[in-house]
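In each ligand, atom 1 is the first atom listed, and ligand 1 is the first ligand listed.
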Amino acid sequence: MSLVLQPLASGSLGNATLIRGKQGSLLIDAGLSKKRLVERLQQVGHRAENIQAVLLTHWHKDHTRGAGLLCRRLGIPLYATPACMPAQKPELLKHPHTFSPGESFEIAEFQIETHLLPHDAPETVAFFIEAHDIRIGIVTDLGHSLDPDLHAKLQDLDGLLLEFNHDEEMLNKGPYPPFLKERILSNQGHLSNTQAGSLLERSLTPRHRVLFAAHLSKTNNHPSLARKQIQQSCEKAARSDLEVRLCTQDQPAKAFWF
Ligand SMILES: [Zn+2]
Ligand SMILES: [Zn+2]
């Protein structure tokens, strides 16, 4: 084992993903309360004290809810962009680190690349994390899938966690108010199953070993619809053998060990 990808929670009520290396671990987003985060970590046999850094994709609450408290209480370094950091009360943190979208840096055994995403929070990023020749992409909260640089980065991965937020028909016919529907459907919103499927189909290579479908809306999507889309995209990319796992809000997904 050289790397473990372990989603702890995913969806509009809170997102967090644990990446375990040989010596330590990173937490990507901390969108549950500190108490819930610690519980989820315990559930997967990991101690919060062993997290070497928390990295935030953007300031929306479903990605940051427990970050400040977790990092303050346990002295964990927190990494965020200048747009995201102020709300985390950096003056109370022992180790606040800011980075710009597009910047690369290292934390212990992990090499981290960041990539700017089109979303309605400034400086939203994707993370590409590499250690021991395994490379993982964490790509959620983006309004469109047409960025050629992002596409190129997705092709060169062993594992990908990608947003499959909504089914367009369910969203259009669903209970959300018009302004919210417009927001989600916009180029600064979230990826639909169709958009994510198209990006997946164009990105899959023989290198990919696992896909985690993430940030599924409970109201505007259904796991079976996301799965169907993924199956079609994998077939078109001649990768029907790809391991596919769906992330959920209520419990950790099954970890993938590289
Ligand atoms: Zn989100
Ligand atoms: Zn967001």
Side-chain angles (χ1 to χ4, degrees), residues 5-19 26-34 36-37 40 54-68 70 78-88 99-102 114-128 136-147 150 160-168 170-171 174 176-177 179-193 195-196 199 211-223 226 246-253:
L5 178 52
Q6 168 73 79
L8 296 173
S10 186
S12 50
L13 297 179
N15 296 273
T17 300
L18 181 70
I19 294 177
L26 303 176
L27 189 65
I28 309 298
D29 285 333
L32 304 177
S33 69
K34 176 189 167 275
R36 279 272 143 72
L37 283 169
R40 294 276 166 111
V54 174
L55 287 75
L56 301 178
T57 55
H58 63 301
W59 66 260
H60 284 159
K61 271 276 178 234
D62 58 318
H63 297 260
T64 60
R65 190 170 284 112
L70 184 76
L78 180 69
Y79 288 72
T81 63
C84 177
M85 187 59 95
Q88 314 312 317
F99 64 85
S100 303
T114 65
H115 186 90
L116 182 66
L117 293 177
H119 190 54
D120 57 358
E123 300 183 340
T124 298
V125 296
F127 288 111
F128 295 97
I136 288 171
I138 306 289
V139 185
T140 67
D141 298 70
L142 62 164
H144 68 80
S145 56
L146 305 171
D147 171 0
L150 178 67
L160 171 61
L161 183 143
L162 179 64
E163 160 170 273
F164 282 75
N165 179 256
H166 58 276
D167 172 76
E168 275 186 41
M170 277 184 78
L171 177 66
Y176 278 19
F179 82 91
L180 198 50
K181 291 182 181 178
E182 232 166 80
R183 199 214 117 198
I184 293 168
L185 288 166
S186 81
N187 274 347
Q188 304 283 304
H190 290 276
L191 287 188
S192 68
N193 290 341
Q195 287 172 307
L199 182 59
L211 169 78
F212 283 94
H215 219 307
L216 269 74
S217 168
K218 271 192 173 173
T219 312
N220 304 310
N221 206 351
H222 194 276
L246 259 54
C247 303
T248 67
Q249 191 71 83
D250 308 318
Q251 55 185 354

(message) For a 4.5 angstrom cut-off between non-hydrogen side-chain atoms, does Tyr79 reach Leu56?
(response) no
(message) Among Thr140, Leu161, Thr17, Leu216, exactly one meets side chain to side chain contact (heavy atoms under 4.5 Å, CB included) together with Cys247. Which residue is that?
(response) Leu161
(message) Is it true that, when you exclude Arg36 itself, more than 12 heavy atoms of the residues, nucleotides or ligands shown sit nearer than 6.0 Å to its CZ?
(response) no
(request) Give the minimum heavy-atom separation between His144 and Gln195, together with the two atoms involved. (result) CA-NE2, 4.1 Å
(message) Please determine whether ring pair (Phe, Tyr, Trp, His ring centres under 6.0 Å) holds for the pair His63 and His58, giving the CA-CA distance in whole Å, both sets of side-chain angles, and the decisive distance to 0.1 Å.
(response) CA-CA 7 Å; His63 297 260; His58 63 301; 4.2 Å; yes
(message) Can you tell me how the ring of His215 sits relative to the ring of His190, calling it parallel under 30°, perpendicular over 60° and tilted otherwise?
(response) tilted
(request) Check the Zn ion (ligand 1) and write out every protein N, O or S atom at under 2.8 Å, as residue and atom. (result) Asp62 OD2, His63 NE2, Asp141 OD2, His215 NE2
